[in-house]
Amino acid sequence: MSGRLNTYIVEDNVTIRENLVGTLEELTPVNAVGFAETENDAREWLRHNRGDWQLAIVDLFLKEGSGLGVLNACRERRPQQKVVVLSNYATPDIRRRCAQLGVDAVFDKSNEIDALVDYCLAQSQLRPPATH
């Protein structure tokens with residue numbers, strides 16, 4: 001049995017965020033534990049909830065600030081915590097910059113949602129089932 005992935009979403013577009021959460025919660029064991037629309041809100045949540053997430057999905061262009069600042073704030077995460085970028089601007093340069101910031105994967109919003117779903121499924125298989 002695979003484990004649930006407590007997932008934090010950094011996306012400022014409400015429609016995209018709601019569709020993303022709906023899709024991932026329906027097709028994968030993702031459990032959305034929160035979201036932010038700005039860099040500062042995301043950094044604050046991540047600082048106060050260090051152990052409460054296994055996956056962060058980050059857009060690069062936000063209402064205020066940048067997803068790059070969020071990625072930088074995730075650099076000191078635990079090895080089992082994964083950070084991925086979901087962006088309309090997944091260019092080779094952006095992918096290189098994200099790799100430099102320690103991102104585990106980069107997905108293009110326009111044509112790599114299936115790959116993100118596959119990634120989430122694979123990550124959930126790596127997690128032990130929760131014990132209570």
Side-chain angles (χ1 to χ4, degrees):
M1 179 70 189
S2 60
R4 302 285 298 163
L5 280 177
N6 287 338
T7 302
Y8 188 65
I9 312 283
V10 183
E11 169 63 64
D12 63 350
N13 183 302
V14 175
T15 302
I16 291 173
R17 185 176 63 241
E18 288 176 353
N19 288 336
L20 178 64
V21 169
T23 298
L24 293 179
E25 286 187 340
E26 181 179 332
L27 299 177
T28 73
V30 158
N31 175 44
V33 294
F35 71 89
E37 296 183 345
T38 69
E39 177 184 343
N40 285 341
D41 287 349
R43 292 170 66 102
E44 186 76 10
W45 189 93
L46 290 163
R47 184 172 34 257
H48 291 300
N49 298 278
R50 290 190 190 275
D52 296 339
W53 59 279
Q54 288 85 42
L55 176 64
I57 300 174
V58 180
D59 186 13
L60 296 179
F61 295 93
L62 304 171
K63 274 186 182 175
E64 294 176 10
S66 166
L68 294 174
V70 177
L71 300 178
N72 197 45
C74 292
R75 290 185 86 159
E76 296 182 25
R77 66 188 182 273
R78 296 182 179 120
Q80 69 272 22
Q81 290 175 307
K82 302 300 179 187
V83 177
V84 302
V85 167
L86 181 63
S87 176
N88 284 321
Y89 302 96
T91 64
D93 286 343
I94 289 292
R95 290 176 189 271
R96 274 192 294 281
R97 181 69 180 123
C98 289
Q100 291 168 350
L101 290 169
V103 169
D104 296 289
V106 177
F107 300 99
D108 190 306
K109 283 181 186 176
S110 62
N111 61 13
E112 293 182 328
I113 296 296
D114 289 344
L116 174 61
V117 167
D118 291 344
Y119 182 88
C120 292
L121 289 169
Q123 289 303 309
S124 71
Q125 295 300 316
L126 299 174
R127 297 198 47 75
T131 56
H132 294 278

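For the salt bridge (charged side-chain N to carboxylate O under 4.0 Å, His left out) test, residues two or more places apart in sequence or in another chain that qualify with Arg47 are Glu44. Take Tyr119 and apply the ring pair (Phe, Tyr, Trp, His ring centres under 6.0 Å) test, not counting sequence neighbours, and it matches Phe107. Taking Arg97 as the reference, nothing meets the salt bridge (charged side-chain N to carboxylate O under 4.0 Å, His left out) condition, with sequence neighbours excluded. Taking the side chain to side chain donor-acceptor pair (under 3.5 Å) definition, one finds that Glu11 meets it with Lys109, sequence neighbours left out. Every residue two or more places apart in sequence or in another chain that forms a side chain to side chain donor-acceptor pair (under 3.5 Å) with Ser110 is listed here: Asp108. Under the side chain to side chain donor-acceptor pair (under 3.5 Å) criterion, Asn31 pairs with Asn6, sequence neighbours left out. Not counting sequence neighbours, the partners of Asp93 by the salt bridge (charged side-chain N to carboxylate O under 4.0 Å, His left out) test are Arg96. For Thr28, there are no side chain to side chain donor-acceptor pair (under 3.5 Å) partners at least two apart in sequence or on another chain.
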Atom pairs and distances, donor-acceptor, side-chain atoms in residues 62-77, under 3.5 Å, two or more places apart:
residue, atom, partner, partner atom, Å
Lys63, NZ, Glu37, OE1, 2.8
Ser66, OG, Leu68, N, 2.9
Arg75, NH2, Gln100, O, 3.2
Arg77, NE, Gln81, O, 2.8
Arg77, NH1, Cys74, O, 3.0
Arg77, NH2, Gly102, O, 2.6
Arg77, NH2, Asp104, OD2, 2.9

Can you give the donor-acceptor pairs under 3.5 Å from side chains of residues 18-25 to other protein atoms, not counting sequence neighbours?
residue, atom, partner, partner atom, Å
Asn19, ND2, Thr15, O, 3.3
Thr23, OG1, Asn19, O, 2.9
Glu25, OE2, Ala32, N, 3.0

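The distance from atom CG of Leu46 to atom CG of Asp41, rounded to the nearest 0.5 Å, is 11.0 Å. Atoms CG and CG, from Leu27 and Leu116 in turn, are 10.5 Å apart once rounded to the nearest 0.5 Å.
Leu60 and Leu86 are members of different hydrophobic clusters when ILVMFWY side chains are connected at heavy-atom separations under 4.5 Å. Criterion: ILVMFWY side-chain heavy atoms under 4.5 Å apart, direct or through other members. Under it, Leu5 and Phe35 are part of a common hydrophobic cluster. Trp53 is not connected to Val30 by any chain of hydrophobic side-chain contacts under 4.5 Å among Ile, Leu, Val, Met, Phe, Trp and Tyr, and they are in different clusters. Under the 4.5 Å side-chain contact rule for hydrophobic residues, Ile9 and Val83 do not share a cluster. Under the 4.5 Å side-chain heavy-atom criterion for grouping Ile, Leu, Val, Met, Phe, Trp and Tyr, Val84 is not connected to Ile94 through any hydrophobic cluster.
Applying the ring pair (Phe, Tyr, Trp, His ring centres under 6.0 Å) test to every pair with at least one member in residues 69-93, sequence neighbours left out, gives these pairs: Phe61-Tyr89. For residues 3-28, the set of pairs meeting the ring pair (Phe, Tyr, Trp, His ring centres under 6.0 Å) definition, not counting sequence neighbours, comprises Tyr8-Trp45.
Although no hydrogens or angles enter the test, the distance criterion places a donor-acceptor pair under 3.5 Å between the side chain of Asn13 and the main chain of Ile16.
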